[in-house]
**Q** 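Would you mind keeping the following structure in view while I ask a few things?
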Amino acid sequence: MIDLRSDTVTKPSAQMMEFMMKAPLGDDVFAEDPTINKLQLMAADHFGMEASLFCPSGTMTNQIAIKAHTQPGDELICDAASHIYNYEGGGIAFNAGVQARLINGDRGRINADQIENAVNPNFDWLTKTSLVSLENTVNRAGGSIYQLADIKLIKEVCSTRNLKLHLDGARLFNALVETNDTPIAYGETFDSISICLSKGLGAPIGSLLLGNQSFIKKAKRFRKVFGGGMRQAGFIAAAGIYALENNIERLAQDHAHAKQLAATLSDLDFVGEILPVETNIIIFEVKGRYTATELIKALQPFNIFAFTVSEHQIRFVLHLDITPAMVEETIAVLHKL
Ligand SMILES: Cc1ncc(COP(=O)(O)O)c(C=O)c1O
């Protein structure tokens, strides 16, 4: 099976499983799981941040961050394509009682001027703007990457306007591998960062929320309220340690595969606009002989699976369970259609 639906479909490798089975365990609600404690320290150190919190999912880390940075009735600023707004079940309103001010950025990336213009003045009758949330890379925009210089300008607006700055970094490592920006530079800039271990890094489960000590203390309380306090979860934290130690640099291979596939797609008569391929995600328009749904169906007999992301667009996502041979096979099948 060549599964291009998502980078969340990866299975833990034999080596990762072996590492998981050896993990020392304890009760993490009592902060006594040595493996979770190690992972949390490791991730915080990696970004030069004070602390981090292990959670089951990226949705939970984002939602905890939004809850911890805001008060009910506040407003957060994010791009209209962002995961926190579109794909987290309305959690911004449900969990935090916060509303979203949506900005149409450049392929999911909003800029400092747009944010400055969207911050509400301090009148009783206007919603209080308290948080800006960025996503890097931007999933719905085809894995686009923020320039660190642009993020620094956003940070200046946030500092002047007294806004917190959160990053949904579900695929931050894809951005870092591509740009060579340092994790420390990100740690210095954001008040909180969510990273996912279960996307390109190949762990079966797990995300981390990073921030300063007082923020993580608050976040830990919300994790409990959200039902995310886990017990002997060191098994899964071990997968995260393995992923951070072994699976970051190899993301470059997924990016090369994405470029290789996109080059083939650009030659096909039934493929229209392909969003610029910056990391491991390709979003392309289908036209002419096929609709997007028909093309998905035409690929299935060849054991190739993908999702539509709109009526006319398909998404291919490259990841560590897609080998070079699978990429070649996909290219051969696409030429046959
Ligand atoms: C950009 C982004 N943020 C957050 C998430 C949520 O992660 P999870 O599926 O672990 O809740 C995803 C999931 O695909 C994502 O793509």
Side-chain angles (χ1 to χ4, degrees), residues 3-12 39 43 52-67 76 78-92 94-96 100 102 105 107-110 131-146 151 166-176 178 186 190 192-210 219 222-223 226-228 230 233 236-237 239-240 243-244 251 254 258 275 278-283 306-309 313 315-321:
D3 196 343
L4 301 170
R5 290 173 304 161
S6 171
D7 49 9
T8 55
V9 299
T10 55
K11 308 274 189 339
L39 172 65
S52 85
L53 186 69
F54 184 54
C55 294
S57 72
T59 301
M60 188 179 280
T61 41
N62 281 333
Q63 291 299 321
I64 290 174
I66 294 165
K67 179 78 187 151
L76 67 75
C78 64
D79 187 274
S82 59
H83 195 280
I84 58 162
Y85 177 73
N86 292 289
Y87 307 117
E88 299 189 3
I92 296 172
F94 190 90
N95 297 315
L102 301 180
R107 283 191 291 121
R109 296 162 300 192
I110 55 180
L131 174 66
V132 174
S133 181
L134 310 182
E135 185 175 317
N136 196 16
T137 66
V138 188
N139 178 355
R140 183 62 189 82
S144 51
I145 303 176
Y146 267 96
I151 295 178
H166 171 69
L167 177 67
D168 175 356
R171 294 183 183 76
L172 178 55
F173 289 104
N174 294 82
L176 294 176
E178 206 52 40
Y186 272 77
F190 286 90
S192 58
I193 300 178
S194 158
I195 54 168
C196 287
L197 304 163
S198 61
K199 311 273 166 352
L201 295 188
I205 181 170
S207 294
L208 287 147
L209 182 61
L210 303 115
F222 288 125
R223 183 184 68 174
F226 288 0
M230 297 181 284
I236 52 177
L244 289 176
L251 292 170
D254 300 337
L275 295 187
E278 297 186 35
T279 50
N280 65 326
I281 301 178
I282 313 168
I283 293 184
F307 278 145
T308 57
V309 288
Q313 285 174 312
R315 186 183 77 164
F316 284 172
V317 187
L318 283 300
H319 52 77
L320 90 174
D321 285 354

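Just so you know, ligand 1 is whichever comes first in the structure, and atom 1 is the first atom listed for that ligand.
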**Q** Going by atom types only, do H166 and S192 share a side-chain donor-acceptor pair under 3.5 Å?
**A**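 Yes, side-chain donor-acceptor contact under 3.5 Å.
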**Q** More than 12 non-hydrogen atoms from neighbouring residues, nucleotides or ligands closer than 6.0 Å to OH on Y87, yes or no?
**A**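 Enclosed.
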**Q** Quick one: look at M60 and ligand 1, take heavy-atom pairs under 4.0 Å, and tell me if it's side chain, backbone, both or neither.
**A**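 Neither part.
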**Q** Name the closest protein heavy atom to atom 14 (O) of ligand 1, giving the residue it belongs to and the distance to 0.1 Å.
**A**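 The closest one turns out to be K199 CE, 3.3 Å.
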**Q** Quick one: does any side-chain atom of R223 pair with a main-chain N or O of F54 as donor and acceptor, under 3.5 Å?
**A**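 It does hold such a pair.
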**Q** Atom 3 (N) of ligand 1: which protein heavy atom is closest, and how many Å away?
**A**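 Heavy-atom neighbour on the protein nearest atom 3 (N) of ligand 1: D168 OD2, 2.7 Å.
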**Q** Give a yes or no answer on whether the side chain of N86 reaches the backbone of A81 with a donor-acceptor pair at less than 3.5 Å.
**A**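 Pair found, side chain donor or acceptor close to backbone of A81.
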**Q** Considering only heavy atoms of S57, which atoms of ligand 1 have at least one such atom less than 4.0 Å away?
**A**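 Going through ligand 1 atom by atom, the ones under 4.0 Å from S57 are 10 (O), 11 (O).
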**Q** Which pair of heavy atoms, one from D321 and one from V9, lies closest together, and at what distance?
**A**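 Nearest heavy atoms, D321 then V9: OD2-O, 4.4 Å.
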**Q** Should one rank E135, R171, R140, H83 by closest heavy-atom distance to atom 6 (C) of ligand 1, which comes out on top?
**A**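 Going through E135, R171, R140, H83 one by one, H83 has the nearest heavy atom to atom 6 (C) of ligand 1.
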**Q** Check each heavy atom of A170 against ligand 1 and say whether those closer than 4.0 Å belong to the side chain, the backbone, both or neither.
**A**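 Looking at A170 and ligand 1, just side chain atoms fall under 4.0 Å.
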**Q** With atoms numbered from 1 as shown, which atoms in ligand 1 lie under 4.0 angstrom from a non-hydrogen atom of T59?
**A**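 Those qualifying, in numeric order: 6 (C), 7 (O), 8 (P), 11 (O).
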**Q** With a cut-off of 4.0 Å, which atoms of ligand 1 are near a heavy atom of E88?
**A**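 Numbered from 1, ligand 1 contributes 4 (C).
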**Q** Using modelled atom types only, decide if a donor and an acceptor are shared between the side chain of T61 and the backbone of S207 within a distance under 3.5 Å.
**A**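 No.
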**Q** Measure the acute angle between the ring planes of F222 and F226, then classify it against the limits of 30° and 60° as parallel, tilted or perpendicular.
**A**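 F222 and F226: tilted rings.
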**Q** Taking 4.0 Å as the limit for heavy-atom contacts, which would you say applies to N62 with ligand 1: side chain only, backbone only, both, or neither?
**A**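 Within the 4.0 Å criterion, N62 contacts ligand 1 through side-chain atoms alone.
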**Q** Test of understanding: given a 4.0 Å heavy-atom threshold, classify the contact between N139 and ligand 1 as side chain, backbone, both, or neither.
**A**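 The side chain, only.
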**Q** Any idea which protein heavy atom is nearest atom 10 (O) of ligand 1, and the distance to it?
**A**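 Among all protein heavy atoms, the one nearest atom 10 (O) of ligand 1 is G58 N, 2.9 Å.
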**Q** Between R140 and E135, is the closest basic N to carboxylate O distance under 4.0 Å?
**A**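 Not counted as a salt bridge, because no side-chain N and carboxylate O are separated by less than 4.0 Å.
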